[in-house]
**Student:** 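Once you've had a glance at the structure underneath, I'll fire off some questions.
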Protein chains: 2
Amino acid sequence: MAKLQEFFGAACTVDNVIFGFDEGDLKILLIKRGEEPFSDEWALPGHFVYPSEDLENAAVRVLEEMTGLHNVFLEQVHTFGEANRHPFGRVITVAYFSLIKIADYKLQPAGIAKKAKWVPISEVNNLPFDHSEILEACFQMLKRLVRTRPVGFELLPPKFTLTELQHLYEAILEVSLDKRNFRKKILSMNLLIDLNESQEGVAHRPARLFSFDKGKYQEFLSDGFNFEVKESKSKSKMRVSTSTS
Amino acid sequence: MAKLQEFFGAACTVDNVIFGFDEGDLKILLIKRGEEPFSDEWALPGHFVYPSEDLENAAVRVLEEMTGLHNVFLEQVHTFGEANRHPFGRVITVAYFSLIKIADYKLQPAGIAKKAKWVPISEVNNLPFDHSEILEACFQMLKRLVRTRPVGFELLPPKFTLTELQHLYEAILEVSLDKRNFRKKILSMNLLIDLNESQEGVAHRPARLFSFDKGKYQEFLSDGFNFEVKESKSKSKMRVSTSTS
DNA sequence: TCAAAAGTGTTCTTATTACACCCATGG
DNA sequence: CCATGGGTGTAATAAGAACACTTTTGA
């Protein structure tokens with residue numbers, strides 16, 4: 001039997017999969033590591049948890065350092081604790097994922113921008129540590145979440161079109177959806193407010209703009225909903241990995 | 001900025017919510033602690049993760065020590081890492097939950113039985129540490145899981161009646177269900193095998209016995225299903241806390 | 001006038017809900 | 001013969017799925 005002291009030699013980190021949606025693509029934020037191990041490689045943003053820092057607070061701290069944003073959607077996903085997952089010693093990592101509006105991120109000073117980049121999720125590969133596994137777990141979590149919570153609110157700008165919202169769902173779920181059925185369903189939830197405004201300057205019929213109803217949104221956040229979607233039969237959409245080695 | 005060394009002073013534990021189903025009640029296994037802190041109090045079974053032990057393995061180890069059972073359903077739920085949650089230092093705990101057949105457990109030698117007991121979930125209260133919060137998280141997880149995975153297989157004996165299965169769902173979801181609708185739905189899944197056997201020695205019409213179809217079960221385990229259930233309109237069932245302080 | 005995306009309804013099918021009486025057994 | 005829980009079907013409603021053409025704008 002080990003003595004109590006021997007158990008207190010581990011470190012804990014948080015790693016954060018930060019999702020954004022831009023140009024029809026679901027993306028995550030990667031950072032170029034400045035320290036060993038894996039210095040100069042692109043990895044998930046993360047950091048050690050300080051000795052007297054709450055775990056959740058560490059995740060918030062990393063997120064705020066990366067994005068400059070506060071009050072961001074953040075949820076714990078899974079903890080990875082293989083004994084040899086980190087070369088420097090026993091390091092257990094807790095994975096979080098968060099959802100941000102990329103437009104907000106872009107307004108931030110460029111301090112961190114030199115060492116951070118948004119990468120479409122289909123193009124991410126060869127992450128160091130067990131970060132690929134972490135990403136996969138977070139992506140699965142997002143897929144699950146999108147069917148029970150009105151997640152679009154976190155990822156889209158304040159005003160958006162129904163097509164943008166549909167594309168978001170398609171990007172997350174990796175399916176294609178029927179336009180009429182999607183609209184019927186999402187509108188029947190009374191979650192959206194029709195702003196009676198239209199897009200401007202587009203080379204086609206301008207779309208109506210909508211925003212989320214914050215009251216309804218909070219309701220759905222706590223109670224959940226059931227957004228079951230089935231891939232539309234006609235045209236199927238495959239996940240394309242455009243990554244090259 | 002802290003030095004690397006300063007991060008390596010934490011300990012990691014696992015805590016395990018072990019669910020069983022018996023006498024129509026959903027129960028969990030509690031253990032009488034043999035060590036400080038909270039010695040002699042009833043708590044969730046758990047233990048430190050050894051320095052070179054995989055996290056998941058620690059959860060399996062605790063489970064096997066407690067129950068003597070192998071290959072048990074076990075899933076990670078959430079990690080609790082408030083800085084001051086443990087009086088002895090920085091201890092982060094990873095919560096797991098598992099599902100066992102209480103009948104199997106009862107066959108085990110009674111070594112641990114003196115310091116362990118099954119408690120109906122409605123009667124659990126005042127657990128030490130943040131164990132109440134951990135239990136709540138695991139119970140929520142079980143509720144979620146029961147609607148997407150054929151969880152009954154893990155909790156019921158090899159042969160069971162449809163009413164027993166229904167009572168299991170009712171205990172987990174804390175609702176009452178319509179008998180006919182429940183049967184129609186569960187039978188339509190082709191998950192059950194009608195054994196063409198009947199109960200014996202009951203003071204009423206004997207019920208047919210069923211078992212799970214292992215092939216179908218595996219399929220549902222990986223693909224999931226959608227067991228949406230709505231509380232039956234006529235008679236509602238409230239969660240009754242029979243605990244007395 | 002063309003290209004591009006927006007917008008819009010109906011029919012069919014499937015799943016869910018509500019609901020009440022007879023049956024088999026042991027005591 | 002009574003108490004107990006087992007077992008069964010149908011009609012009404014709601015939700016989901018399939019599907020194609022017209023509209024508005026800028027270039």
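As a basis for the values below, the full set of heavy atoms in this structure was taken, side chains included, without hydrogen atoms, waters or symmetry mates. Residue numbers begin at 1 in each chain, while the letters A, B, ... track the order of the sequences.
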**Student:** Tell me the interatomic distance from B:Phe160, atom CZ, to D:dG6, atom P, rounded to whole angstroms.
**Tutor:** 14 Å

**Student:** Distance check, rounded to the nearest 0.5 Å: A:Ile134 atom CD1 versus A:Asp15 atom CG?
**Tutor:** 4.5 Å

**Student:** Rounding to an integer number of Å, can you tell me how far B:Leu195 CG sits from D:dG6 P?
**Tutor:** 17 Å

**Student:** Counting side-chain heavy atoms from CB outward, which of C:dT25, D:dT4, D:dT24 is closest to A:Pro206?
**Tutor:** D:dT24

**Student:** Mapping A:Lys179 and B:Gln199 to their closest nucleotides on DNA chain D, which lands nearer the 5' end?
**Tutor:** B:Gln199

**Student:** Rounding to a whole Å, what distance do you find between B:Arg205:CZ and D:dG6:P?
**Tutor:** 10 Å

**Student:** Rounded to whole Å, how long is the line connecting atom CZ of B:Arg180 with atom C1' of D:dA11?
**Tutor:** 12 Å

**Student:** Whether B:Thr163 contacts D:dG5 is assessed here as follows: a side-chain N or O lying under 4.0 Å from the phosphate OP1 or OP2. Is that the case?
**Tutor:** no

**Student:** Round to the nearest Å and state the distance from B:Asn181 atom CG to C:dA15 atom P.
**Tutor:** 14 Å

**Student:** Determine whether any donor atom in the side chain of B:Lys184 lies under 3.5 Å from an acceptor atom in the base of C:dT17, or the reverse, and answer yes or no.
**Tutor:** yes

**Student:** Which nucleotide in the set D:dG7, C:dA6, C:dG9 lies at the smallest distance from any side-chain heavy atom of B:Arg183?
**Tutor:** D:dG7

**Student:** On DNA chain C, does the nearest nucleotide to A:Thr161 precede the nearest nucleotide to A:Ala203 from the 5' side, or the other way round? Give the residue.
**Tutor:** A:Ala203

**Student:** Would you kindly give the CZ-to-C1' distance between A:Phe182 and D:dG16, to the nearest whole Å?
**Tutor:** 15 Å

**Student:** How far apart are the closest heavy atoms of A:Leu177 and A:Glu170, and which atoms are they?
**Tutor:** N-OE2, 2.7 Å

**Student:** For the pair made of CG in B:Leu187 and C1' in D:dT8, what is the distance, rounded to whole Å?
**Tutor:** 12 Å

**Student:** Is A:Lys101 close enough and on-axis enough to A:Phe21, meaning under 6.0 Å and within 45°, for cation-pi?
**Tutor:** no

**Student:** CD1/A:Ile102 to CG/A:Asp25 distance, rounded to the nearest 0.5 angstrom?
**Tutor:** 9.0 Å

**Student:** Rounded to the nearest angstrom, tell me the gap between atom CD in A:Glu197 and atom P in D:dT24.
**Tutor:** 19 Å

**Student:** Under 6.0 Å from the six-membered ring centre of B:Phe139 and within 45° of its axis: does the NZ or CZ of B:Lys143 meet both?
**Tutor:** yes

**Student:** Quick check: on DNA chain D, is the nucleotide nearest A:Gly201 upstream (toward 5') of the one nearest B:His204, or the reverse? Name the residue that is more 5'.
**Tutor:** B:His204

